[in-house]
Amino acid sequence: MSNETEVELVDAFYMLIESLKNNGIENVYGIPGIPVTALIRSWQAEGGKWYGFRHETNAAMAAGVAGYLTGKPGVCLTTPAPGFLNGLAGAANATTNGWPMILLSGAAGRRNTDLQQGAFEEMDQLNAARPHVKAAYRINHISDIPIAVARAVRTAVSGRPGAVYLDLSHEMLTGTMPAAAAEALLFTPVDPTPKQLPDPAAVKRAADLLKGAKKPLILLGKGAAYAQADADIKALVEDTGIPFLPMSMAKGLLPDNHPQCAGPARSYVLPECDVVLIVGARLNWLLGNGKGNTWGNQLKKFIQIDILPQEIDSNVPIAAPLVGDIASCIAALREALKGMPKADAAWMGGIAERVNASKEKLAPTLKVETPPGMMNYRNSLGALRDVLAKYPSVTLVNEGANALDNTRMIVDQYQPRKRIDSGTWGIMGIGMGACIGAAVVTGEPVVAVEGDSAFGFSGMEVETMVRYNLPICVIVMNNGGIYKGNETNAGGYDDPSPTSFAPGSRYDKMIEAFGGVGVNAQTPAELAAAVEEAIKSRKPTLINACLDPDAGVESGRIAGLNIERKKKK
Ligand SMILES: Nc1ncnc2c1ncn2[C@@H]1O[C@H](COP(=O)(O)OP(=O)(O)O)[C@@H](O)[C@H]1O
Ligand SMILES: Cc1ncc(Cc2csc(CCOP(=O)(O)OP(=O)(O)O)c2C)c(N)n1
Ligand SMILES: [Mg+2]
């Protein structure tokens with residue numbers, strides 16, 4: 001009898017499952033298939049939660065959003081080659097946003113792949129992943145699984161968070177090893193997200209610059225939301241009296257209706273300020289790269305808090321770099337600013353004036369039906385704003401062009417990490433994955449405001465939402481197309497224009513097909529009532545919000561980035 005039959009063995013599935021649990025992973029998002037279906041069944045049998053999607057990109061988006069909201073990496077598991085590639089899109093988006101996630105993919109055997117012999121779903125996934133994720137590792141032997149998973153988690157959550165790709169080679173997945181040796185290898189990592197303390201001299205430099213400012217501004221980015229230093233950030237803002245400007249996913253760190261919120265006066269405060277404290281934001285395209293008209297064509301004195309040293313000076317010189325984790329940097333800065341006089345009353349008064357003027361200009365548009373009897377972005381979102389103000393713990397998911405810009409401007413946030421949107425890339429397609437990831441990790445209702453084009457990228461996951469009976473209410477802002485729905489074909493013939501969809505589409509019928517609640521809303525009142533009912537009932541709901549097909553502008557707020565023809569021929 002061979003020695004093997006006498007020694008108890010464990011397999012790679014056991015080592016993977018135990019290692020994921022040792023790293024605090026509870027949920028896995030993905031799609032089954034060769035060679036991972038049995039692994040998924042084993043994960044469930046061992047108490048792991050599995051969320052089976054209809055497209056791996058949406059599963060990866062869910063994992064990325066779960067990572068952003070919890071600070072633990074969301075895990076997406078896929079089959080090889082095409083499944084891996086679909087998941088990679090979500091992993092790349094997570095890395096671009098600085099969100100921790102792990103993409104686990106089955107892979108063809110190394111022998112065939114490296115000789116390109118045409119194995120089943122053969123692809124060099126490790127090298128395909130590398131340019132698009134924070135790190136990529138291949139596990140070649142079952143005994144390496146505990147270290148590989150711990151390293152993937154630590155890499156994903158430490159420093160600037162991002163996605164890590166773990167390649168599950170065929171040889172490794174089919175391996176076994178003695179149980180005793182296996183138990184000795186399994187471990188729980190210590191402190192995967194260590195504090196990164198700032199240099200005291202850097203703290204003093206930053207504090208001195210802020211104390212000397214006449215028109216200071218605090219710029220809060222999604223890194224500040226991710227850091228979960230909510231109380232200290234709020235205290236820094238309120239103790240100093242400095243106005244704050246939240247980037248879209250930092251909304252709610254302090255309530256949008258806070259007296260120091262300069263959101264509605266962005267076009268005044270960016271050119272007028274003199275010293276800017278940047279907390280977890282990048283001076284990228286979303287902030288005019290820190291220079292030019294957006295900033296009044298004057299170079300500002302920037303203090304930048306970031307965990308990634310090489311983010312400093314990425315676009316413009318930073319006068320006071322503060323490198324470290326946001327929680328540690330804010331705590332140190334608060335200590336150094338003790339006793340600092342509140343921000344200048346004239347500066348605050350000027351901002352308040354512009355904030356109020358902006359709100360007064362917006363208010364009447366939130367009630368007007370143009371054309372009569374029709375919904376547009378303003379009156380529909382005005383009604384939604386009033387409902388969501390009553391449910392601050394609802395997570396809002398938002399994508400589209402006009403659907404995105406108008407929602408960001410009109411719908412206020414009151415709590416941190418309650419707005420998930422197209423992020424740094426301005427990507428379409430995060431929608432349903434984000435809804436599912438947020439509903440799973442928060443347990444709270446989720447409301448999605450989706451452009452009708454944006455919804456189309458992940459709309460099949462409506463079935464997934466219903467299958468898991470998640471408290472998600474999807475509002476499809478149906479203006480009949482991309483940006484609007486009444487463009488005619490430039491060629492004059494009767495094919496649809498490049499941006500129009502089938503007129504009169506009824507997206508609410510989709511969810512009814514799967515047993516969810518569908519509503520066709522023609523007025524702001526109908527929309528408001530349906531959203532409130534969905535929040536209260538927690539039933540998976542899809543509302544087809546019928547908007548004026550003429551509502552919307554090309555590319556929304558960033559139309560200036562378009563390239564137009566220079567000459568006809
Ligand atoms: N815990 C943290 N401590 C310090 N910086 C962080 C932390 N988490 C993320 N960051 C940084 O926050 C920044 C977020 O920037 P970005 O995603 O551009 O935000 P926004 O789009 O809201 O402006 C990134 O440069 C990232 O390195
Ligand atoms: C993955 C990807 N593919 C295409 C695009 C380009 C785009 C930007 S915005 C948009 C859709 C706008 O139409 P929608 O109906 O959603 O919104 P609205 O303005 O309210 O009508 C597209 C296709 C992006 N950003 N990402
Ligand atoms: Mg549209």
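As the structure lists them, so they are numbered: ligands from 1, and atoms in each ligand from 1. Computation of the quantities below employed the complete heavy-atom set of this structure, encompassing side-chain atoms and omitting hydrogens, waters and symmetry-equivalent molecules. Just so we're clear, the structure is a prediction, and the values are computed from it rather than from any experiment.
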> Quick one: SG on Cys261 to NZ on Lys251, what's the gap to the nearest 0.5 Å?
Replying inline: 7.0 Å
> Is ligand 2 less than 4.0 angstrom away from at least one heavy atom of Phe457?
Replying inline: yes
> Do Gly400 and ligand 2 have an N or O pair less than 3.5 Å apart?
Replying inline: no
> At what distance is the nearest protein heavy atom to atom 9 (C) of ligand 1, and which residue and atom is it?
Replying inline: Gly223 CA, 3.7 Å
> Do any N/O/S atoms of Asn479 come under 2.8 Å of the Mg ion (ligand 3)?
Replying inline: yes
> At what distance is the nearest protein heavy atom to atom 6 (C) of ligand 2, and which residue and atom is it?
Replying inline: Met428 CG, 4.6 Å
>> If the cut-off is 4.0 Å to any non-hydrogen atom of Tyr226, which atoms of ligand 1 fall inside it?
In response: 8 (N)
>> With a heavy-atom distance limit of 4.0 Å, tell me whether Met247 approaches ligand 1 through its side chain, its backbone, both, or neither.
In response: side chain
> Atom CG in Asp325, atom CD1 in Ile307: separation rounded to 0.5 Å?
Replying inline: 5.5 Å
>> Under a 4.0 Å threshold between the charged nitrogen and the carboxylate oxygen, would Arg408 count as salt-bridged to Asp421?
In response: no
> With a 4.0 Å cut-off, would you call Asp274 and Lys300 a salt bridge?
Replying inline: no
> Nearest non-hydrogen atom to atom 23 (O) of ligand 1 belongs to which of Ala281, Ser314, Gly71?
Replying inline: Ala281
> Are Ser314 and Glu311 close enough that a side-chain donor and a side-chain acceptor fall under 3.5 Å?
Replying inline: yes
> Have Asp550 and Asn486 got a donor and an acceptor in their side chains that come within less than 3.5 Å?
Replying inline: yes
> Heavy-atom distance under 4.5 Å between the side chains of Met375 and Pro524, does that happen here?
Replying inline: yes
> Is Trp425 touching ligand 2 with its side chain, its backbone, both, or neither, if touching means heavy atoms under 4.0 Å apart?
Replying inline: neither
> At a 4.0 Å threshold, what atoms of ligand 1 neighbour a non-hydrogen atom of Gly324?
Replying inline: 3 (N), 4 (C)
> Is there any N or O on Leu220 that sits under 3.5 Å from an N or O of ligand 1?
Replying inline: no
>> Check whether Arg417 reaches the backbone of Thr70 with its side chain - one donor and one acceptor, N or O, closer than 3.5 Å.
In response: no
>> Is it the case that the side chains of Ser105 and Thr78 hold a donor-acceptor pair, with the cut-off being a distance below 3.5 Å and no angle test?
In response: yes
>> Checking the N or O distance criterion of under 3.5 Å, is ligand 2 in contact with Glu399?
In response: no
> For atom 16 (O) of ligand 2, what's the nearest protein heavy atom and its distance?
Replying inline: Ala454 N, 2.9 Å
> Any ion pair linking Glu272 and Lys215 (charged N to carboxylate O, less than 4.0 Å)?
Replying inline: yes
> Are any of the N/O atoms in Ile482 less than 3.5 Å from those in ligand 2?
Replying inline: no
> From Leu209 CG over to Leu322 CG, what is the distance, rounded to the nearest 0.5 angstrom?
Replying inline: 11.5 Å
> For atom 24 (C) of ligand 1, which candidate among Asp306, Ile305, Leu219 provides the closest heavy atom?
Replying inline: Asp306
>> Out of all atoms in ligand 1, which are within 4.0 Å of some heavy atom of Gly221? Include the element for each.
In response: 22 (O)
>> Suppose we measure from atom 17 (O) of ligand 2 to each protein heavy atom; which comes out shortest, and what is that distance?
In response: Ala401 N, 3.3 Å
>> Could you check whether Lys204 pairs with Asp208 (Lys NZ or Arg NE/NH1/NH2 to Asp/Glu carboxylate O, under 4.0 Å)?
In response: yes
>> Starting from atom 1 (N) of ligand 1, what is the nearest protein heavy atom, named by residue and atom, and what distance separates them?
In response: Ala227 CB, 3.9 Å
> Would you find a donor on one side and an acceptor on the other, under 3.5 Å apart, between the side chain of Lys72 and the backbone of Gly24?
Replying inline: yes
>> Would Asp452 count as being in polar contact with ligand 2, using the rule that some N or O on each side must be under 3.5 angstrom apart?
In response: yes
> Considering only protein heavy atoms, which is closest to atom 7 (C) of ligand 1, and at what distance to one decimal place?
Replying inline: Ile326 CD1, 4.1 Å
>> Exactly one of Ile472, Thr464, Val474 should register a side-chain contact (heavy atoms from CB on, under 4.5 Å) with Met432. Which one does?
In response: Val474
> Any idea which N/O/S atom from Asp452 gets closest to the Mg ion (ligand 3)?
Replying inline: OD1
>> I'd like to check the side chain to side chain contact (heavy atoms under 4.5 Å, CB included) partners of Pro371; sequence neighbours left out, ordered by chain and number.
In response: Met374, Asp548
> atom 19 (O) of ligand 1: which of Lys222, Glu311, Lys251, Gln310 has the nearest heavy atom?
Replying inline: Lys222
>> the Mg ion (ligand 3) and Gly481: any N/O/S contact shorter than 2.8 Å?
In response: yes
> ligand 1 and Ile307, any nitrogen or oxygen pair closer than 3.5 angstrom?
Replying inline: yes
>> Can you confirm whether some protein heavy atom lies under 4.0 Å from atom 22 (C) of ligand 2, or whether none does?
In response: yes
>> Give the atom numbers and elements of ligand 1 that come within less than 4.0 Å of a heavy atom of Thr424.
In response: 17 (O), 21 (O)
> Any N or O of Gly481 that comes nearer than 3.5 Å to an N or O of ligand 2?
Replying inline: yes
> Just which atoms of ligand 1 are under 4.0 Å from any heavy atom in Gly280?
Replying inline: 12 (O), 13 (C), 14 (C), 15 (O), 19 (O)
> Counting from 1, what ligand 1 atoms have a heavy atom of Asn284 closer than 4.0 Å?
Replying inline: 18 (O)
>> I want to confirm something. Looking only at heavy atoms, which of Gly429, Gly552, Gly426 is nearest to atom 25 (N) of ligand 2?
In response: Gly426
>> Regarding atom 16 (P) of ligand 1: of the candidates Met249, Gln196, Gln304, Arg282, which has the closest heavy atom?
In response: Arg282
> Quick one: does Gln260's side chain have a donor or acceptor within less than 3.5 Å of a partner on Ile242's backbone?
Replying inline: yes
> How does Tyr377 reach ligand 2, by side chain, by backbone, by both or by neither, if only non-hydrogen atoms under 4.0 Å count?
Replying inline: side chain
>> Among Glu554, Glu487, Lys484, which residue satisfies the side chain to side chain donor-acceptor pair (under 3.5 Å) criterion with Thr499?
In response: Glu487
> Ring centres of Tyr165 and His132 under 6.0 Å apart?
Replying inline: no
> Which residue and non-hydrogen atom of the protein lie closest to atom 11 (C) of ligand 2, and at what distance in Å?
Replying inline: Ser453 OG, 3.5 Å
>> Side chains of Lys222 and Thr424, heavy atoms from C-beta outward: is any pair under 4.5 Å?
In response: yes
> Applying a 4.0 Å heavy-atom criterion (strictly less than), which segment of Asn479 is in contact with ligand 2: side chain, backbone, both, or neither?
Replying inline: side chain
